[in-house]
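As structure tokens, the structure follows; a few thoughts come after it.
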There are 2 protein chains.
Amino acid sequence: MTVPSITEQITREQAQALLARHGIAPTEQRLEIARLLFAQHQHLSAEQILAQLSRNSARVSKATVYNTLNLFAETGLVREVVIDSAKRFYDSNPDPHHHLFHTDTGELEDVAPAQVQIAGLPGLPDSREVLGVDVVIRVGPRHTD
Amino acid sequence: MTVPSITEQITREQAQALLARHGIAPTEQRLEIARLLFAQHQHLSAEQILAQLSRNSARVSKATVYNTLNLFAETGLVREVVIDSAKRFYDSNPDPHHHLFHTDTGELEDVAPAQVQIAGLPGLPDSREVLGVDVVIRVGPRHTD
DNA sequence: AATGGGAACTAGACTTTGTCTAACCCCCTG
DNA sequence: CAGGGGGTTAGACAAAGTCTAGTTCCCATT
């Protein structure tokens with residue numbers, strides 16, 4: 001179920017283009033983190049990224065991983081997903097979509113937005129805007145009440 | 001905007017009835033926590049509850065607050081709301097509803113479910129069921145791009 | 001070539017939220 | 001009155017994330 005460690009990589013140039021599109025200066029560490037995250041559409045935690053990078057013997061500190069993920073999230077390069085109040089995940093799927101969370105396994109699945117529709121939003125003052133709508137569908141093993 | 005400290009209380013008997021309905025043994029501490037939470041529809045964190053209780057000079061330990069909130073959430077007496085991955089909130093509004101989160105102030109508002117509609121859910125194997133659908137609408141001050 | 005400044009990185013200390021553990025208390029039952 | 005179990009407690013602990021002070025690197029200016 002877990003992804004084999006032979007993840008298809010994106011090139012440095014592709015990573016650089018992604019950062020450039022979001023106005024992010026392309027440093028060594030940011031490129032490494034971007035290449036890892038965007039190797040495929042996935043949901044990774046800071047911890048996982050840190051572990052994977054040191055496994056790849058890339059030199060990156062914890063602080064930089066956190067700083068970089070926050071930077072990526074602020075600029076909209078990745079999406080921060082809050083599911084489990086103990087950990088943040090970063091989603092490299094740029095398309096609008098929702099999430100299906102398996103409470104027993106901790107797995108997180110993307111759900112096409114067409115399957116879930118938000119019919120209307122409450123009125124807001126002009127001074128405020130909707131930053132995002134997060135839909136999380138929690139599923140688990142069926143209860144045999 | 002913050003609620004005055006003169007919160008209307010519910011009686012011990014009402015609290016006791018709530019616990020009984022969910023099969024929870026009515027101890028002193030659980031009753032106090034329930035009376036606080038159900039004084040009105042609101043979203044409180046463990047920290048806030050602990051602070052308010054000690055302000056009321058009720059004797060409750062941190063461990064008991066956490067244990068009790070987990071117990072309440074497991075039995076469905078309150079709803080755990082995950083918004084801010086740094087803190088859990090417990091929602092005493094028993095009716096199905098969604099949430100509006102103000103990213104700047106940290107305020108959390110209820111949204112009537114009629115305003116948001118879930119059109120369809122992805123197919124699931126018979127062995128699994130949907131435990132809940134959480135919709136969080138994040139709003140903040142309008143960007144002047 | 002030397003100087004100065006700014007952005008980014010690092011290690012490690014620190015903070016915060018929540019969990020765990022061991023002892024204790026209280027009530028009920030036999 | 002002994003034993004047992006559920007509940008509570010204080011405080012130690014764990015995990016995730018933030019902060020700080022110092023360093024490095026690059027680049028522009030002299």
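Letters go in sequence order (proteins before strands), and every chain restarts at 1.
Here dC9(C) presents its P atom at 11 Å from CD1 of Ile24(A), a figure rounded to the nearest Å. Atom CD1 of Ile49(B) and atom C1' of dT17(C) are 14 Å apart (whole Å). Atom-to-atom, CD of Gln29(B) to P of dT8(D) comes out at 5 Å; the value is rounded to the nearest Å. One interatomic measurement links the two molecules: CG of Leu19(A) to P of dA8(C), which rounds to 12 Å at whole-angstrom precision. Put simply, CZ on Arg59(A) is 17 Å from P on dA8(C), counting in whole angstrom units.
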Protein N or O to nucleotides 12-18 of chain D N or O, pairs below 3.5 Å:
from    : atom 1 : to       : atom 2 : distance (Å)
dA16(D) : OP1    : Lys87(A) : NZ     : 3.2
dG17(D) : OP1    : Arg88(A) : N      : 3.0
dG17(D) : OP2    : Tyr66(A) : OH     : 2.9
dG17(D) : N7     : Lys62(A) : NZ     : 3.2
dG17(D) : O6     : Lys62(A) : NZ     : 2.8
dT18(D) : OP2    : Asn70(A) : ND2    : 3.4
dT18(D) : O4     : Lys62(A) : NZ     : 3.4

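Checked against side chain to side chain donor-acceptor pair (under 3.5 Å), Ser54(A) has no partners two or more places apart in sequence or in another chain.
At the heavy-atom level, Glu28(B) lies nowhere under 4.0 Å from the strands shown. Among the protein residues, Thr27(B) comes within range of the sugar-phosphate backbone only, with heavy atoms under 4.0 Å from sugar or phosphate atoms but none that close to a base.
The existence of a salt bridge linking Glu47(A) and Arg88(A) is excluded, since no basic side-chain nitrogen approaches an acidic carboxylate oxygen closer than 4.0 Å.
Ring pair His43(A)/His99(A) is perpendicular by interplanar angle, where above 60° counts as perpendicular and below 30° as parallel.
Contact annotation: Arg30(A) reaches the phosphate of dA8(C) (side-chain N/O to OP1 or OP2, under 4.0 Å).
One finds the CD1 atom of Ile33(A) at 12.5 Å from the CD atom of Gln52(A) (value rounded to the nearest 0.5 Å).
For the residue pair Arg138(B)/His102(B), the side-chain donor-acceptor check at 3.5 Å is not satisfied.
Other members of the cluster containing Val82(B) are Val82(A), with ILVMFWY side chains joined at under 4.5 Å, either directly or via other members.
The nearest heavy atom of DNA chain D to Asn67(A) and to Val65(B) marks one nucleotide each, and the one closer to the 5' end goes with Val65(B).
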